[in-house]
Amino acid sequence: MKAAPETLSPEQAAFLVRQRVARLATADAAGAPHAVPVCFAYSGGKIIIALDDKPKDVPPARLKRVRNILENPSVAIVADRYAEDWSLLAFVMVRGRAGLLEPGGGEHTAAIRLLRGKYHQYEEMRIEDNPVICIRPERVVSWGALDVARSREPTVLDAVRGRRSVRRYLPKEVPEDLVEAVLEAGRWAPSPHGTQPWRFAVVTKEDTRERLAAAMGEEWRANLEMDGQAPEIVERRLQGSRRRLLDAPVLVLLCLYLDDLDVYPDAGRQESETTMAVQSLGAAAQNMLLAAYDLGLDAGWMCAPLFCPEEVVEALALDQALVPHALLTLGYAEGDPPKRRSRRPLDDLVVYRD
Ligand SMILES: Cc1cc2nc3c(=O)[nH]c(=O)nc-3n(C[C@H](O)[C@H](O)[C@H](O)COP(=O)(O)O)c2cc1C
């Protein structure tokens with residue numbers, strides 16, 4: 001058993017962020033206990049729980065858990081993994097003080113966005129009309145194999161829907177075998193004529209990342225200034241991008257490699273050949289993002305190298321035949337990402353033709 005006051009360790013936070021359900025324990029003023037399963041999100045060191053309208057007998061504000069919190073804000077929440085292989089068992093329990101965030105406030109809006117980002121089901125529910133439970137941790141206890149990714153065989157669809165772009169990472173190293181497994185997933189992407197017209201560069205060392213950030217930053221600064229952006233906005237955006245490159249424990253740069261493509265006498269077909277290579281690079285990137293998620297990692301996509309391929313080749317001393325296209329950041333999410341990630345309904349995207 002490990003106890004830490006107030007803050008979750010990177011291992012505890014990484015475990016908590018990946019769980020889809022937890023059990024919330026509250027007690028009334030007399031100490032009578034009450035526990036319920038809850039969907040939750042974790043961000044900025046706080047745990048957020050929606051009061052939704054799944055079928056229940058009473059309106060959200062009259063729920064026993066809410067009444068208990070108002071009488072007695074001390075709560076505990078536990079997220080656990082069970083598996084028949086007991087070497088995989090693990091839990092994180094957080095004790096803390098709970099309060100309600102009322103609709104209308106900025107914190108409430110951010111919490112709703114966070115929850116909808118994690119659970120697509122909330123997009124269909126009017127959770128924004130109800131208060132949100134917010135728990136500030138005071139004591140954290142954990143046990144077991146926190147670092148193991150899975151407790152059951154996940155499906156590809158779980159990964160497709162669960163994956164999300166992560167832009168802030170915990171200071172927690174990614175084991176080399178996991179990085180290799182992600183690269184392996186890229187290797188198996190479909191490609192035109194099986195040519196695999198891409199190469200991957202892995203960057204972990206701090207000074208190399210510094211060099212890359214500086215090279216891309218300069219080019220971006222020039223572009224933003226050309227667009228007439230205000231100096232403080234230019235500075236903020238550059239700082240954000242630099243932070244992402246330095247915070248993520250691993251960067252994977254996906255480059256096009258066109259030397260093995262078929263050669264055509266006409267420009268039109270040659271262009272299509274290159275387009276196919278780019279499409280295939282996208283498939284390799286998605287393979288890697290899904291594999292990362294499946295392995296218990298998180299990832300983000302940065303398009304910056306596309307805008308300054310020569311600078312990136314130089315900064316990383318790459319073969320001149322490589323054309324940098326996409327940069328994937330890899331690591332463990334610091335919290336559930338705040339950005340809303342809704343999707344258009346299928347009806348907007350698909351036409352059926354008999
Ligand atoms: C080609 C491509 C380029 C992207 N470039 C960036 C980028 O430069 N910075 C960024 O934060 N996200 C970037 N993204 C991630 C998208 O913003 C993200 O996938 C989208 O908002 C949906 O969110 P989700 O991935 O969490 O579902 C990129 C995604 C793609 C496919």
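What you see below is based on every heavy atom in this structure, not just the backbone, and it leaves out hydrogens, waters and symmetry mates. All figures in this text were calculated on a predicted structure; none of them were measured in a lab. Index from 1, following the sequence. Counting convention: from 1, in listed order, for ligands and their atoms alike.
Short contacts between ligand 1 and Arg244, defined as distances under 4.0 Å to a heavy atom of the residue, involve ligand atoms 9 (N), 10 (C), 11 (O). Taking a cut-off of under 4.0 Å to the non-hydrogen atoms of Met302, the atoms of ligand 1 that pass are 7 (C), 8 (O). For ligand 1, the atoms lying closer than 4.0 Å to a non-hydrogen atom of Arg163 are 24 (P), 25 (O), 27 (O).
Between Arg126 and Asp52 there is no salt bridge, since no side-chain nitrogen of the basic residue lies less than 4.0 Å from a carboxylate oxygen of the acidic one. Arg221 and Glu235 are joined by a salt bridge, as a carboxylate oxygen and a charged side-chain nitrogen come within less than 4.0 angstrom of each other.
For ligand 1, one of its N or O atoms has an N or O atom of Ser165 under 3.5 Å away. On a distance-only criterion, Cys303 and ligand 1 share at least one N/O pair closer than 3.5 Å.
The 12-atom threshold is not exceeded at CD of Gln320, counting heavy atoms of other residues, nucleotides or ligands nearer than 6.0 Å.
Using the six-membered ring where Trp is involved, Tyr119 and Tyr122 have ring planes that are perpendicular, over 60° apart on the 30 and 60° scheme.
In this structure, the protein non-hydrogen atom closest to atom 13 (C) of ligand 1 is Trp301 O, 2.9 Å. Closest protein heavy atom to atom 11 (O) of ligand 1: Arg167 NE, 2.6 Å.
For atom 20 (C) of ligand 1, no protein heavy-atom neighbour is present inside the 4.0 Å cut-off.
With distances taken over non-hydrogen atoms, the option nearest atom 27 (O) of ligand 1 out of Arg343, Arg164, Gln286 is Arg343.
If you check the side chains of Trp301 and Ser165, you find no donor sitting under 3.5 Å from an acceptor.
Residues Asp298 and Tyr293 have side chains in contact (heavy-atom distance under 4.5 Å, counting atoms from C-beta outward).
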#### Entry: Met93 vs Ile77, side chain to side chain contact (heavy atoms under 4.5 Å, CB included): CA-CA, chis, key distance, verdict
CA-CA 6 Å; Met93 180 178 67; Ile77 182 164; over 6 Å; no
